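Every value quoted in this text rests on a predicted model; they were computed, and no experiment measured them. Each residue takes its place number in the sequence, starting with 1. Counting starts at 1 for both ligands and their atoms, following the listed order.
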Amino acid sequence: MEPLILNAKTGRCEVTIGASSELIGRYIKGQKVVVITDSTIRKYHEDKFPKAEIIEITAGESSKTFDSIRILYEKFLELEVDRSSLIIGIGGGIICDIAGFVATTYMRGIHLGFIPTTLLAQVDASIGGKNGINLKGYKNLIGTVRQPEFVICDVDFLKTLPKEEITYGLAEVIKQAAIGDANLFDFIESHVDEILSLDKKIMERLIHDSMAVKLSIVELDEKETGERMKLNFGHTIGHAIEKTLGKPHGEAVAIGIVAESKISIAKGLMKKEDSERLQKVLESIGLLVDVQMNKEKIIDAIRKDKKRRGQIIKMPVLEGIGKSRIVEIGLKELEGAVNDLC
Ligand code: GLY
């Protein structure tokens, strides 16, 4: 498969899909290499790591703090990491966030690449250049946007993931198909069994096409002033559900996708059958089962959304499957969609 290339203002990123232990050789040219990973990934997959110094961090949001970052900077000093060194984050979204942040700030930026090991990180977190750490309960409050030089997606890493991790990643893939690629959406609908059994060829095509949607959006709007907001489809209601019900991100986003598609129908932009297709495909991969919610709490969380400006939230709507645009939605309209859901 040909690499996908992202040419953005903060850097050029080459995305390749295949065996990471072979592909990594393209990017290692005798420089010092430091891998940042977690103990689980190391335990199952160290045989795929390049020859490198390895720094293990605890997997989890609790690692996205200034304290952990300071420890990493100190390790870099100990290891004599310099501007010619290469940092490789091997792990899920949290590893990408942390490795991205330290590599971008240490010595004002050193070489960086990712080998994402969850489906969610492969199709979303590893690409687009966002990184960040948390402060006082605010997620990713401190961070930068800077593209890694390469991302390698190796389907073999997905085999040791719990099944629900795959379905959560698929929620984002379905979102990316819904906002930007009707063919990918058809492909998912007709290959559900192969996808769930992680058929290599099917997964590689799925990851490739899904990333292509995100890369084309990021290339137009790296700093999220317009086009990139499309990637938030399903996330306004999804985040509110995640926050109030403590549902996992992927599960909450799946519910958000269906709920927000109803807004597109109400606006006359999308047919009811398209929203039903979304619902059906999410159900077929095991999401959206038993949706029971407290609407007052969800509406309250939407009112606290940082994207809100007065009575308006700027968010994406679908114009059918595979096409989207950003519009301003009144809070009342959004609340109507939540009422329909509960
Ligand atoms: N995950 C959404 C974005 O990268 O913009």
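Among protein heavy atoms, the minimum distance from atom 5 (O) of ligand 1 is reached at R228 NE, 2.7 Å.
Near K214, meaning under 4.0 Å from one of its heavy atoms, ligand 1 places the atoms 1 (N), 3 (C), 4 (O). Each of the following atoms of ligand 1 lies closer than 4.0 Å to a heavy atom of L231: 3 (C), 5 (O).
Residue-level proximity to ligand 1 for D124 is carried by the side chain, the only part with a heavy atom below 4.0 angstrom.
Hydrophobic clustering, defined by side-chain heavy atoms of Ile, Leu, Val, Met, Phe, Trp and Tyr closer than 4.5 Å, groups I326 together with M229.
Other residues, nucleotides and ligands contribute only 12 or fewer heavy atoms inside 6.0 Å of the NZ atom of K297.
Of the polar atoms of N232, none of the N or O atoms is found under 3.5 Å from an N or O of ligand 1, judged by distance alone.
Here the CG atom belonging to L72 is positioned 5.0 Å from the CD1 atom belonging to I36, to the nearest 0.5 angstrom.
Using a 4.0 Å cut-off between charged nitrogen and carboxylate oxygen, R303 and E335 count as a salt-bridge pair.
Using a 4.5 Å heavy-atom cutoff, the side chains of T104 and T10 are not in contact.
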